[in-house]
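Report on the structure given below.
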Amino acid sequence: SFFFSMPSPSWNLINFFIYLDSRILFGLFTLAELLIAYFLLRIFINNQHLNRIFVVIISMLLFQSILGSMQFVSQKNIGTLAEAPTEFDFPYGQTAVEDENIVRVTGTFGHANMFSIFLLSMIPIILLTNFSGKILLLILVLIILFLTYSRISWSIAFAPQGRLWL
């Protein structure tokens with residue numbers, strides 16, 4: 001029963017024995033790490049730790065948003081060590097269209113779509129916190145989300161289905 005209740009790890013395990021590929025093994029290790037981290041957090045985190053976790057998450061979000069806005073203003077990667085090494089392939093940042101000079105902000109994620117996934121996943125956390133700058137931070141995140149030029153993220157954030165959780 002447990003074997004079939006977790007289809008992705010089970011399918012990876014079956015694929016590992018059929019195809020014997022090292023990437024499948026690394027995927028299994030990643031899934032196992034995430035499951036162990038989840039259960040350890042469920043066991044050891046209590047309400048006293050939640051405020052500290054929210055502070056860390058909000059500070060990560062502020063750092064990424066400020067870095068993304070600086071990338072937009074300069075229209076290229078700003079050259080910090082935290083940014084992904086895209087300077088060699090894309091010295092002026094990644095563009096949305098090859099003939100246009102529209103730079104997609106990436107934060108430290110290396111690709112604008114990954115950055116937009118991070119921003120989308122932070123929106124419910126912003127809404128759950130209780131601090132005075134919540135609306136201002138939400139507006140900043142939505143503006144930076146728009147600057148990633150990730151169309152699927154736009155549809156999730158601004159579509160009628162997305163408004164239900166916004």
Side-chain angles (χ1 to χ4, degrees), residues 8 23 26-27 29-31 33-42 44-166:
S8 182
R23 291 177 291 184
F26 291 136
F29 284 147
T30 303
L31 286 171
E33 289 173 359
L34 290 174
L35 283 172
I36 290 169
Y38 171 76
F39 286 119
L40 287 176
L41 287 174
R42 291 285 293 185
F44 293 114
I45 295 292
N46 56 22
N47 289 336
Q48 295 172 349
H49 298 122
L50 284 180
N51 289 335
R52 292 181 188 153
I53 291 172
F54 280 139
V55 168
V56 169
I57 289 174
I58 296 301
S59 65
M60 284 182 352
L61 183 60
L62 278 173
F63 173 74
Q64 293 292 337
S65 298
I66 290 169
L67 185 64
S69 61
M70 290 172 68
Q71 287 173 346
F72 176 72
V73 168
S74 67
Q75 290 293 302
K76 62 178 184 173
N77 288 342
I78 59 173
T80 63
L81 293 175
E83 290 176 305
T86 58
E87 287 293 321
F88 301 113
D89 298 329
F90 308 103
Y92 298 105
Q94 291 182 339
T95 58
V97 180
E98 296 196 15
D99 295 335
E100 299 291 328
N101 290 328
I102 300 172
V103 176
R104 301 174 73 184
V105 295
T106 60
T108 60
F109 289 91
H111 198 278
N113 290 340
M114 299 303 291
F115 185 39
S116 65
I117 290 170
F118 170 75
L119 293 173
L120 278 176
S121 63
M122 291 295 120
I123 290 174
I125 294 174
I126 293 172
L127 295 175
L128 288 175
T129 58
N130 293 326
F131 67 98
S132 59
K134 178 161 97 171
I135 300 298
L136 197 62
L137 184 61
L138 184 64
I139 291 170
L140 176 67
V141 166
L142 291 176
I143 289 171
I144 299 296
L145 183 67
F146 180 74
L147 296 176
T148 61
Y149 292 99
S150 176
R151 292 169 296 191
I152 189 69
S153 296
W154 291 350
S155 66
I156 291 172
F158 301 114
Q161 296 86 1
R163 288 188 195 143
L164 293 176
W165 56 270
L166 283 178

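This is a predicted model, so every value here is computed, not measured.
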### Query
Side chains of Ser116 and Thr148: do they bring a donor and an acceptor to under 3.5 Å?
no
Side chain proximity check, Asn130 to Phe54, heavy atoms < 4.5 angstrom: no
For Trp154 and Leu145, the nearest pair of non-hydrogen atoms, with its separation, is NE1-O, 3.4 Å
Open item on the list: Within the supplied structure, the quantity of interest is the number of heavy atoms (other residues, nucleotides, ligands) at a distance under 6.0 Å from Ile53 CD1; does it exceed 12?
Closed with: yes
Evaluate the side-chain proximity of Leu40 to Ile45: yes if any heavy-atom separation is below 4.5 Å, no if none is. no
Are Ile144 and Ser69 packed together at the side-chain level, in the sense that at least one heavy-atom pair is separated by less than 4.5 angstrom? yes
Looking only at heavy atoms, the pair that brings Leu127 and Lys134 closest together is O-NZ, 3.1 Å
Query raised in the report: If you count the non-hydrogen atoms of other residues, nucleotides and ligands that lie under 6.0 Å from CG in Leu136, is the total more than 12?
Result: no
Here the pair of heavy atoms bringing Val141 nearest to Ser65 is CG2-OG, 4.2 Å
CD1 (Ile152) and CG (Asn113) are apart, to the nearest 0.5 Å, by 9.5 Å
field: Beyond-backbone contact of Thr106 with Met114, side-chain heavy atoms, under 4.5 angstrom
entry: no
ask   = Above 12 or not: heavy atoms from other molecules or residues under 6.0 Å from CE of Met60?
value = yes
Can you tell if the side chain of Leu142 reaches within under 4.5 Å of the side chain of Ile123, non-hydrogen atoms only? yes
Whether Tyr149 and Phe146 hold their rings parallel, tilted or perpendicular, with breakpoints at 30° and 60°:
tilted
Rounding to 0.5 Å, atoms CG (Leu137) and CD1 (Ile125) come to a distance of 11.0 Å
Rounding to 0.5 Å, atoms CD1 (Ile156) and CG (Leu120) come to a distance of 5.5 Å
Can you establish whether the number of heavy atoms outside Phe72 located under 6.0 Å from its atom CZ is more than 12?
no
Separation between OG1 (Thr108) and CZ (Phe118), nearest 0.5 Å, reads 7.5 Å
Got a donor-acceptor contact below 3.5 angstrom from the Gln64 side chain to the Phe115 backbone? no
* Looking at side-chain heavy atoms only, is the closest gap between Ile58 and Phe131 below 4.5 Å? -> yes
